[in-house]
Peer 1: 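One structure is given below, represented as structure tokens, and several questions about it will come after.
Quantities reported herein were computed from a predicted structural model and do not represent experimental measurements. Just so you know, these numbers use all the heavy atoms, side chains as well, and skip hydrogens, waters and symmetry mates.
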Amino acid sequence: MSTTLEVAIFLSMNGKAKEAIHFYKNHFNAEELLLVTYQDIAKRDSSIQLTDENKNYISHSVLSIGRTKVMIAEDTMNISEKYTVGNNTSLCIQSADLEEIEQFYNSLITDNRVKIIVPLSNNMFSKAYGIIEDPFGIQIQLMFDDRLQ
């Protein structure tokens, strides 16, 4: 196992991400490490449909609460599901070791009880990113992140 492996909590906030970030910063002295709005993403991805309502929504953010990272965004991991309390939490397993992320993904998908939500692939923010749902209903994001080195 690599020394860059980490697990972060990912929270989907259904339009209340900014409010949640403020709440955690206020009550837990959380440090904001990253904040990306839909408007920021639209500059790199022309398929994003911006509106006056969503342009300031949070596409992705990372807070540090002590030694734990909490990621917050607006959307649930499986965008085909309607937001409910319960599908708004996932684990994000990330590593600067690309082979490790690929190994985890390939191991997980051999279990026929695992549901693939987003196949592991290259995208604009990672060389390897995918989402699965484990047999217990927990959605797990797998991500290569070379910033963890």
Side-chain angles (χ1 to χ4, degrees), residues 1-21 23-25 28 30-50 54 57-149:
M1 200 165 304
S2 76
T3 59
T4 64
L5 182 67
E6 71 177 26
V7 177
I9 301 158
F10 190 96
L11 305 174
S12 300
M13 292 299 184
N14 196 34
K16 295 184 179 181
K18 278 190 177 184
E19 183 181 339
I21 290 166
F23 179 87
Y24 296 129
K25 286 169 76 173
F28 296 122
E31 179 184 352
E32 187 177 297
L33 304 177
L34 176 71
L35 184 83
V36 181
T37 65
Y38 282 24
Q39 195 164 26
D40 296 330
I41 290 291
K43 292 174 187 171
R44 293 184 276 164
D45 182 352
S46 60
S47 70
I48 302 294
Q49 299 296 314
L50 284 181
N54 76 6
Y57 274 10
I58 307 302
S59 172
H60 186 61
S61 68
V62 180
L63 302 179
S64 175
I65 301 175
R67 296 186 330 201
T68 301
K69 287 185 182 166
V70 177
M71 300 174 177
I72 298 175
E74 305 297 351
D75 298 320
T76 58
M77 291 298 90
N78 186 349
I79 57 173
S80 67
E81 289 182 339
K82 184 178 171 149
Y83 174 92
T84 60
V85 173
N87 74 354
N88 63 327
T89 305
S90 67
L91 297 178
C92 183
I93 298 176
Q94 51 192 8
S95 175
D97 183 340
L98 180 60
E99 290 179 12
E100 183 170 48
I101 292 300
E102 290 170 338
Q103 178 187 10
F104 289 154
Y105 179 81
N106 290 329
S107 175
L108 285 161
I109 64 172
T110 63
D111 188 317
N112 63 2
R113 300 172 299 161
V114 169
K115 177 182 173 185
I116 298 171
I117 297 172
V118 174
L120 190 71
S121 63
N122 185 8
N123 64 26
M124 69 182 186
F125 61 84
S126 177
K127 288 182 183 175
Y129 177 78
I131 306 170
I132 62 96
E133 185 173 293
D134 75 11
F136 315 102
I138 304 299
Q139 294 174 353
I140 300 172
Q141 302 172 68
L142 299 160
M143 185 173 85
F144 166 75
D145 188 343
D146 57 3
R147 296 173 298 178
L148 295 172
Q149 293 186 8

Peer 1: Nearest 0.5 Å, what's the CD1-CD1 distance between I48 and I41?
Peer 2: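 Here the interatomic distance stands at 6.5 Å.
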
Peer 1: I'd like to check the side chain to side chain contact (heavy atoms under 4.5 Å, CB included) partners of R67; sequence neighbours left out, ordered by chain and number.
Peer 2: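 None.
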
Peer 1: Would you mind writing out the side-chain donor-acceptor pairs for residues 138-149 within the sub-3.5 Å range, not counting sequence neighbours?
Peer 2:
residue: Q139; atom: NE2; partner: E81; partner atom: OE1; Å: 3.3
residue: Q139; atom: NE2; partner: E133; partner atom: OE1; Å: 3.3
residue: Q141; atom: OE1; partner: Y129; partner atom: OH; Å: 2.7
residue: Q141; atom: NE2; partner: S90; partner atom: OG; Å: 3.1
residue: D145; atom: OD1; partner: R147; partner atom: N; Å: 2.9
residue: D145; atom: OD1; partner: R147; partner atom: NE; Å: 2.9
residue: D145; atom: OD2; partner: R147; partner atom: NE; Å: 3.4
residue: D145; atom: OD2; partner: R147; partner atom: NH2; Å: 2.8

Peer 1: Between CD1 of I93 and CG of L108, what distance do you get to the nearest 0.5 Å?
Peer 2: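 One finds 7.5 Å between CD1 of I93 and CG of L108.
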
Peer 1: Spell out, as yes or no, whether a donor-acceptor pair under 3.5 Å connects the side chain of S107 to the backbone of F104.
Peer 2: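 Absent.
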
Peer 1: With sequence neighbours excluded, what pairs up with T37 under the side chain to side chain contact (heavy atoms under 4.5 Å, CB included) test?
Peer 2: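 Counting only residues at least two positions away or on another chain, T37 forms a side chain to side chain contact (heavy atoms under 4.5 Å, CB included) with Q39, D40, I58.
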
Peer 1: Which atom pairs, donor and acceptor, lie under 3.5 Å between side-chain atoms of residues 6-17 and protein residues at least two apart or in another chain?
Peer 2:
residue: E6; atom: OE2; partner: K69; partner atom: NZ; Å: 3.2
residue: E6; atom: OE2; partner: Q94; partner atom: NE2; Å: 2.5
residue: S12; atom: OG; partner: D75; partner atom: O; Å: 2.6

Peer 1: So, do H60 and F125 sit near enough that their side-chain heavy atoms are less than 4.5 Å apart?
Peer 2: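 No. Closest side-chain heavy atoms not under 4.5 Å.
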
Peer 1: To the nearest 0.5 Å, tell me how far L98 CG sits from K127 NZ.
Peer 2: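 It is 7.0 Å, given to the nearest 0.5 Å.
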
Peer 1: Would you say the side chain of I116 lies within less than 4.5 Å of the side chain of Y105, judging by non-hydrogen atoms?
Peer 2: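 Side-chain contact under 4.5 Å: yes.
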
Peer 1: For E31, give me all partners under salt bridge (charged side-chain N to carboxylate O under 4.0 Å, His left out), at least two apart in sequence or on another chain.
Peer 2: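 E31 satisfies salt bridge (charged side-chain N to carboxylate O under 4.0 Å, His left out) with no other residue.
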
Peer 1: Show, in sequence, the C-alpha distance, side-chain angles and deciding distance for Y24 and I72, and conclude whether the side-chain contact (heavy atoms from CB on, under 4.5 Å) test is met.
Peer 2: CA-CA 11 Å; Y24 296 129; I72 298 175; 3.6 Å; yes

Peer 1: Which residue pairs pass the salt bridge (Lys or Arg N to Asp or Glu O under 4.0 Å) test with at least one member in residues 87-107, sequence neighbours excluded?
Peer 2: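 As it turns out, there is no salt bridge (Lys or Arg N to Asp or Glu O under 4.0 Å) pair with a partner in residues 87-107 once direct neighbours are skipped.
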
Peer 1: When rounded to the nearest 0.5 angstrom, what distance separates CG in N112 from NZ in K115?
Peer 2: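 Separation between the atoms: 14.5 Å.
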
Peer 1: How close do N54 and Q49 get, counting heavy atoms only, and between which atoms?
Peer 2: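 Minimum heavy-atom contact is ND2-O, 3.0 Å.
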
Peer 1: How many angstroms lie between atom OG of S59 and atom CG of L34, to the nearest 0.5 angstrom?
Peer 2: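 The OG atom of S59 sits 9.5 Å away from the CG atom of L34.
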
